[in-house]
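Both backbone and side-chain heavy atoms feed into the values below; hydrogens, waters and symmetry mates do not.
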Amino acid sequence: MSTKSLALTDQVQSYLVCMCGPIPDVLADLRAETLKLPMAMMQISIEQGKLMQLLIQLMGAKKTLEIGVFTGYSSLVVALALPDDGRIVACDVSEEWTSIGRPYWKKS
């Protein structure tokens with residue numbers, strides 16, 4: 001699992017995560033489940049997810065498209081940043097991976 005962005009020192013990583021604040025339980029739970037997978041490193045880091053949310057909000061995005069979902073962490077990150085009338089379309093060829101994320105999408 002990607003626990004931090006590339007080329008960050010441990011001190012900068014700790015600062016970023018601290019400044020990002022806590023993540024919702026549904027995201028933490030999905031991260032924890034993804035950590036158990038052999039390809040867990042494909043998941044984005046917490047601070048990358050927070051940056052994606054900030055960009056979605058700054059742009060005022062209402063519609064997003066994600067191609068390549070893996071277990072759906074970034075899809076959920078984006079969905080949580082969209083307004084109530086927002087819509088995300090998330091596409092992946094792997095039923096195995098997306099089936100892990102679906103319960104978390106429904107829960108949120």
Side-chain angles (χ1 to χ4, degrees):
M1 167 186 297
S2 178
T3 56
K4 71 180 202 175
S5 299
L6 297 175
L8 293 182
T9 65
D10 290 341
Q11 294 83 6
V12 171
Q13 163 69 21
S14 295
Y15 174 78
L16 281 175
V17 171
C18 179
M19 296 312 297
C20 287
I23 61 173
D25 289 343
V26 68
L27 286 174
D29 293 345
L30 179 52
R31 287 190 73 77
E33 185 167 347
T34 302
L35 179 59
K36 300 172 190 172
L37 302 173
M39 296 183 64
M41 72 290 212
M42 289 179 31
Q43 184 167 246
I44 64 170
S45 66
I46 292 171
E47 66 274 9
Q48 289 168 330
K50 291 288 191 170
L51 176 61
M52 287 174 67
Q53 287 183 320
L54 177 63
L55 293 173
I56 291 295
Q57 292 166 345
L58 288 173
M59 291 186 314
K62 287 191 173 192
K63 296 178 184 177
T64 64
L65 172 65
E66 181 172 3
I67 300 173
V69 174
F70 188 41
T71 62
Y73 181 82
S74 57
S75 302
L76 185 52
V77 162
V78 168
L80 291 172
L82 290 172
D84 290 341
D85 61 341
R87 179 177 169 93
I88 180 169
V89 175
C91 306
D92 201 297
V93 296
S94 172
E95 176 62 29
E96 176 185 3
W97 300 129
T98 56
S99 67
I100 294 169
R102 269 194 204 95
Y104 296 94
W105 297 342
K106 289 178 183 176
K107 185 177 181 180
S108 69

Flag the pair I100 / L30 as yes when at least one side-chain heavy-atom distance between them is below 4.5 Å, and no otherwise. yes
Identify, with sequence neighbours excluded, every residue that meets side-chain hydrogen bond (donor to acceptor under 3.5 Å, both in side chains) alongside T64. none
Look only at the side chain of Q43 and the backbone of A40, and say whether a donor-acceptor pair between them is shorter than 3.5 Å. no
Please find the pair of heavy atoms, one from I44 and one from S74, that lie closest to each other, and give the distance. CD1-CB, 3.8 Å
Distance (rounded to the nearest 0.5 Å) between T9 OG1 and Q11 CD: 4.5 Å
For P83 against K62, the heavy-atom pair lying closest together: CG-CG, 3.9 Å
Out of curiosity, F70 CZ to M41 CE, how far, rounded to the nearest 0.5 Å? 8.0 Å
Does a side-chain heavy-atom distance below 4.5 Å link Y73 with T34? no
Check: W105 and V69 side chains under 4.5 Å, non-hydrogen atoms: yes
CG of L76 to OG of S108: how many Å apart, nearest 0.5 Å? 4.5 Å
Side-chain donor-acceptor contacts of residues 49-60 below 3.5 Å, not counting sequence neighbours, with atom names and distances?
residue	atom	partner	partner atom	Å
K50	NZ	C20	O	3.2
K50	NZ	P22	O	3.4
Q53	NE2	V77	O	3.1

Compute whether any side-chain donor of one residue and acceptor of the other, for E33 and T71, lie under 3.5 angstrom apart. no
Assess the side chains of E96 and S94: does a donor N or O sit below 3.5 Å from an acceptor N or O? no
So for atom CZ, which belongs to R87, do other residues, nucleotides or ligands contribute more than 12 heavy atoms lying within a distance under 6.0 Å? no
